[in-house]
Peer 1: 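My questions will all concern the structure given below.
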Amino acid sequence: MTDQKTTDDLRRLLAEDPEAADLALFGRVSHADRRGFLRGAGLAAMSTAVGMAIPYHRNIPQGFIPAAMAQGDPLAGKLGLILLSDRPVNAETPPELLDDDITPTDRHFIRNNGLLPDDMDPETWTLTIDGFVDTPLELSIADLREQFEVVSLALTLECGGNGRAFFDPPASGNQWTWGAVGCAEWTGVRLREVLDKAGVQANVVYTGHHGADTHLSGDPGKEPISRGMPIAKAMTDNILIAFAMNGADLHPMNGAPLRLVVPGWPGSCSQKWLTRIELRDQVHDGEKMGGDSYRVPAHPVAPGTEVPAEEFEIIERMPVKSVITFPANGAAPVTETEVRGHAWSGDRTIEAVDISTDFGATWMAAEVDPPLNDGAWQNWRASVVFPRPGYYEVWARARDSEGVMQPFAIDWNPKGYLNNAMHRVGLQVA
Amino acid sequence: MPCIGWGFRLPEPRRTCLRAGMAGAWLAVAVAAATAQERAEREYGLMVEGEGVEETYYTCTACHSEMIVVQQGKTREGWDKTLDWMIAEQGMPEPDPAERAKILDYLAANYNTDRPNFPRR
């Protein structure tokens, strides 16, 4: 953890103060002519990083990061994420790096269906609201800021397929383990207020969301993803059209310069690079609304069952879930340690988190904080004493405001959605 | 098999390359870069070598990373359906039957439901 922490600190420094980071990372300091130099160890480090000697290293300016390290890095601006795919980019956060109460931008997972738009300029970006509205709107980001109340909310986003890696038989898609979830502080305007301004007509039942990302095939006529939600959900007060994340511009991989944030529902409802919201008199038929995308069988099925298309229903809220963020799996704590993490349940609150250190034989209640605001996950912690050194596991299970508890086992479905089985970490107690 | 059926993966130390870096933070950076570089230097990226790898690699990576393919575990029939979906809905050109069979054989042999080549993370 210490090495990981140090690496992350240096990378943060690289983003904020390249010269200081350069000094810390490669041991370089400025010359009067603004060219850096590399001490022996620093040169060795940089050479190792790029994979060979750098004959012209004396000409490299201070604060310069070799292109081999800086360019084409799908995880630029992210720290410690595990890359699942680089085209499209998908990356998750190891649970122990989700330890912050509010997820820093560099720890927030990435789930892309297509390729980033070429143009993500916030100055020229426009959002269209159309369909069954009294007054179609075309709004710049400046218009959004001027015409509506700007609010900041901590909001939990979780990919519908988080936990898919544990399905057996395997389910198709990115094999997320635990880390396709985060709770950043998002800043924007309430979707409800924007829709109210446009005037939602009486026949509207569903929204349809559109973004500027491009299809993997390169076909400009195809959208990578275009999902929507029932109008009643869209009018919830905690849904934002967001232009900032943790007090800064959105990260390009997280939808810059404008996106929806729909807490507690599959992340796919939170369209990134948002350009248009249409109000519809029928369920949206956009890409990944049909077939088996973001759908589960209406009734539980045995693992491996072939389910006919008509027996699927669209996923709405995400189920009750928790994650242990400290200690890390595989850690070696002493016999007394704090255990902590987060818990959430879509459109609900968490009533209790219980933990077990004896493989589920006995359970104790953790202390659970209230959510920072509606739509935020809840932080929990407990103090644990192990009777003697040895191998232990910490298991956590949350219970929500409807009395629903996390299960031991996966409720298998063909596409690997909604895995809210308990998280556990193994500890080598010293 | 990286996991067992009821949602729990057996605990194992993760990312040993980062943990083992006793010589300081820059080493971790270097190791991570080297891993990406190793993948870049391999002819078929993360796809394992074998009969049909060339056809499979170039067919799939025309649109997306081979990293998506190697995460999956499907039967030959499951892969066949995936190709149908790619062709019908995702703009993939139809491969000729012999090539399609070769691709399916490769995928079924190396990326089946027992996940013999699931990527190490």
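FYI, side chains are in, hydrogens and waters are out, and symmetry mates aren't considered; it's all heavy atoms of this structure. Everything numeric in this text was worked out from a predicted model, so none of it was measured. Residue numbering restarts at 1 for every chain, and letters A, B, ... go by the order of the sequence lines.
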Peer 1: Are A:Arg164 and B:Gln71 close enough that a side-chain donor and a side-chain acceptor fall under 3.5 Å?
Peer 2: no

Peer 1: Find the distance between CG (A:Asp86) and CD (B:Glu66) and round it off to the nearest 0.5 Å.
Peer 2: 6.5 Å

Peer 1: Side chain from CB out, backbone as N, CA, C, O: work out which of these in A:Asp219 comes under 4.5 Å of a heavy atom of chain B, or both, or neither.
Peer 2: neither

Peer 1: For a 4.5 angstrom cut-off between non-hydrogen side-chain atoms, does A:Pro170 reach B:Arg115?
Peer 2: yes

Peer 1: B:Gln90 versus A:His215: any side-chain heavy-atom pair under 4.5 Å?
Peer 2: yes

Peer 1: Would you mind reporting whether B:Met67 and A:Arg87 have side-chain heavy atoms less than 4.5 Å apart?
Peer 2: no

Peer 1: Taking atom CG of A:Asn90 and atom CD1 of B:Ile68, what is their separation to the nearest 0.5 Å?
Peer 2: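 Those atoms lie 6.5 Å apart.
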
Peer 1: Do A:Ser172 and B:Lys74 pass the side chain to side chain contact (heavy atoms under 4.5 Å, CB included) test, and can you show the C-alpha distance, the side-chain angles, and the key distance before you say yes or no?
Peer 2: CA-CA 8 Å; A:Ser172 190; B:Lys74 294 171 189 277; 2.7 Å; yes

Peer 1: To the nearest 0.5 Å, how far apart are OG in A:Ser293 and CD in B:Glu89?
Peer 2: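 If we round to the nearest 0.5 Å, A:Ser293:OG and B:Glu89:CD are 8.0 Å apart.
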
Peer 1: Please find the pair of heavy atoms, one from A:Pro88 and one from B:His64, that lie closest to each other, and give the distance.
Peer 2: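 Closest approach of A:Pro88 to B:His64: CD-CB, 4.3 Å.
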
Peer 1: Counting only N and O atoms by type, is there a donor-acceptor contact under 3.5 Å from the side chain of B:Gln72 to the main-chain atoms of A:Gly173?
Peer 2: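 Yes, the answer is positive, given that a donor and an acceptor are paired below the 3.5 Å cut-off.
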
Peer 1: What part of A:Leu115 lies closer than 4.5 angstrom to a heavy atom of chain B: side chain, backbone, both or neither?
Peer 2: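 Interface part for A:Leu115: neither.
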
Peer 1: Can you tell me how far CG of A:Leu216 sits from OG of B:Ser65, rounded to the nearest 0.5 angstrom?
Peer 2: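 That separation rounds to 10.0 Å.
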
Peer 1: Under a 4.5 Å heavy-atom cut-off, does chain A meet the side chain of B:Thr61, its backbone, both or neither?
Peer 2: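 Contact with chain A is through both the backbone and side chain of B:Thr61.
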
Peer 1: Which answer fits A:Glu306, side chain, backbone, both or neither, if we ask what part of it has an atom under 4.5 Å from a heavy atom of chain B?
Peer 2: side chain

Peer 1: Name the region of A:Gln428, side chain, backbone, both or neither, that has any atom closer than 4.5 Å to a heavy atom of chain B.
Peer 2: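 Neither the backbone nor the side chain of A:Gln428 comes within 4.5 Å of chain B.
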
